[in-house]
Number of protein chains: 2
Amino acid sequence: MDQRQALAAFSALSQETRLHIIRMLVVSGPDGMAAGAIAEKAEVSPSNVSFHLKELERAGLIAQQRESRSIIYTANYERLGGLIRFLMEDCCGGNPEICAPAAKVAACCSPKIEGKFQ
Amino acid sequence: MDQRQALAAFSALSQETRLHIIRMLVVSGPDGMAAGAIAEKAEVSPSNVSFHLKELERAGLIAQQRESRSIIYTANYERLGGLIRFLMEDCCGGNPEICAPAAKVAACCSPKIEGKFQ
DNA sequence: TCCATATTTCAATAATCCTTGAATAATTGA
DNA sequence: TCAATTATTCAAGGATTATTGAAATATGGA
């Protein structure tokens with residue numbers, strides 16, 4: 001992930017509705033959610049959710065695919081991981097202080113995978 | 001770090017000049033940098049840098065302290081770490097896929113501290 | 001006190017972003 | 001083909017954010 005992409009991702013995540021959408025899509029996993037379902041759960045109008053989904057897609061944080069009449073949106077895990085990595089490498093360069101708490105969280109989130117890097 | 005703070009932090013980091021400033025301040029460590037030095041290095045006008053510094057401070061990502069005629073700005077490591085943590089916990093809830101790459105970076109950044117959490 | 005230095009604040013303008021509702025497009029089933 | 005469903009696009013507006021240069025504030029030294 002380069003700086004341009006990171007800036008776009010930060011911008012995309014700096015809006016309440018969009019952060020909410022990302023949360024829902026991460027939880028819903030590979031199945032994703034239809035635009036209508038997202039609008040309903042986030043309690044915003046169809047055209048408004050469409051606007052925000054476009055922003056998130058422009059930032060590369062989500063992807064879409066049509067399924068019959070619905071358009072299914074899914075979170076881009078790789079991009080989200082890439083953003084965390086950008087933040088850590090960009091901030092962590094010589095500063096373990098910032099990364100240490102993150103390492104702790106990482107250990108909690110993925111105890112098995114963690115083992116790989118010992 | 002709560003959602004309000006995270007939204008403010010994402011917003012603050014979504015601007016090129018401000019991202020540049022954060023980078024410089026993280027590198028400069030506890031000594032920090034004077035506003036004028038930041039303006040010079042970032043190649044922006046004094047009044048413009050002042051505007052962006054205020055934004056970063058409002059987001060809690062930096063702090064200031066007067067030293068004689070200069071005002072010294074320093075990065076808030078705790079907040080930066082908190083933002084990474086927010087991103088991981090908020091995205092990682094049940095999704096090690098996203099956190100695994102971050103865990104790898106964390107291991108690289110702070111090999112010694114990492115040991116604490118085994 | 002007066003001047004120079006370092007920085008912020010202010011006002012005006014430009015640019016970007018968000019929301020709303022109406023119009024449009026794509027798909028499916030009767 | 002026609003109607004219903006699902007979603008996007010568009011235009012208008014209001015709101016927020018960014019940039020600029022001039023004026024104001026704070027500090028320290030002659």
Using OP1 and OP2 only, check whether a side-chain N or O of B:S70 sits under 4.0 Å from C:dT7. yes
Where the side chain of A:S50 is concerned, which of C:dT7, C:dT28, D:dT8 is the nearest nucleotide? D:dT8
When you measure from the side-chain N and O atoms of A:Y73 to the phosphate of D:dT6, is any distance below 4.0 Å, counting only OP1 and OP2? no
Provide, to the nearest angstrom, the distance between the NZ atom belonging to B:K54 and the C1' atom belonging to C:dT8. 8 Å
Do B:S47 side-chain and D:dG21 base share a donor-acceptor contact under 3.5 Å? yes
When the distance from CZ of A:F51 to P of C:dT19 is rounded to whole Å, what number comes out? 7 Å
Whole Å only: how far is the CG atom of A:L13 from the P atom of C:dC17? 14 Å
Tell me, with the steps shown, if B:K54 and B:E57 meet salt bridge (charged side-chain N to carboxylate O under 4.0 Å, His left out). CA-CA 5 Å; B:K54 205 166 60 177; B:E57 198 178 20; over 6 Å; no
Any donor-acceptor pair under 3.5 Å linking the side-chain atoms of B:Y73 with those of B:Q64? yes
Can you tell which of C:dT8, D:dA7, D:dT6 lies closest to the side chain of B:P46? C:dT8
Can you tell me the distance, in whole Å, between the CD atom of A:E55 and the C1' atom of C:dT16? 10 Å
Would the distance check show the side chain of B:R23 and the main-chain N or O of B:L25 forming a donor-acceptor pair, the cut-off being under 3.5 Å? no
In terms of side-chain heavy atoms of B:S68, which of C:dT19, D:dT27, D:dT8 is nearest? D:dT27
At under 4.0 Å, does any side-chain N or O of B:H52 touch on OP1 or OP2 of D:dT19? yes
Which atoms form the tightest heavy-atom contact between B:M1 and B:F86, and what is the distance? O-CD1, 3.8 Å
Identify the heavy atoms of A:L56 and A:A12 that sit nearest to each other, and give their distance. CD2-CB, 3.9 Å
B:Q15 side-chain N/O to D:dT19 phosphate OP1/OP2 under 4.0 Å: yes
Nearest-Å distance, CD (A:E57) to P (D:dT8)? 9 Å
Most 5' of A:R66 and A:S45 on DNA chain C, judged by nearest nucleotide: A:S45
Nearest of C:dC18, C:dT8, D:dA4 to any side-chain atom of A:R18? C:dC18
Roughly, in whole Å, what's the span from CZ in B:R69 to C1' in D:dA24? 17 Å
Please report, rounded to the nearest Å, how far the P atom of D:dT16 is from the CZ atom of B:F10. 21 Å
Have a look at A:A39 and say if it touches a base, only the backbone sugar-phosphate, or nothing, with a 4.0 Å heavy-atom cut-off. nothing
Length of the line joining B:R58:CZ and C:dT8:P, which is rounded to integer Å: 16 Å
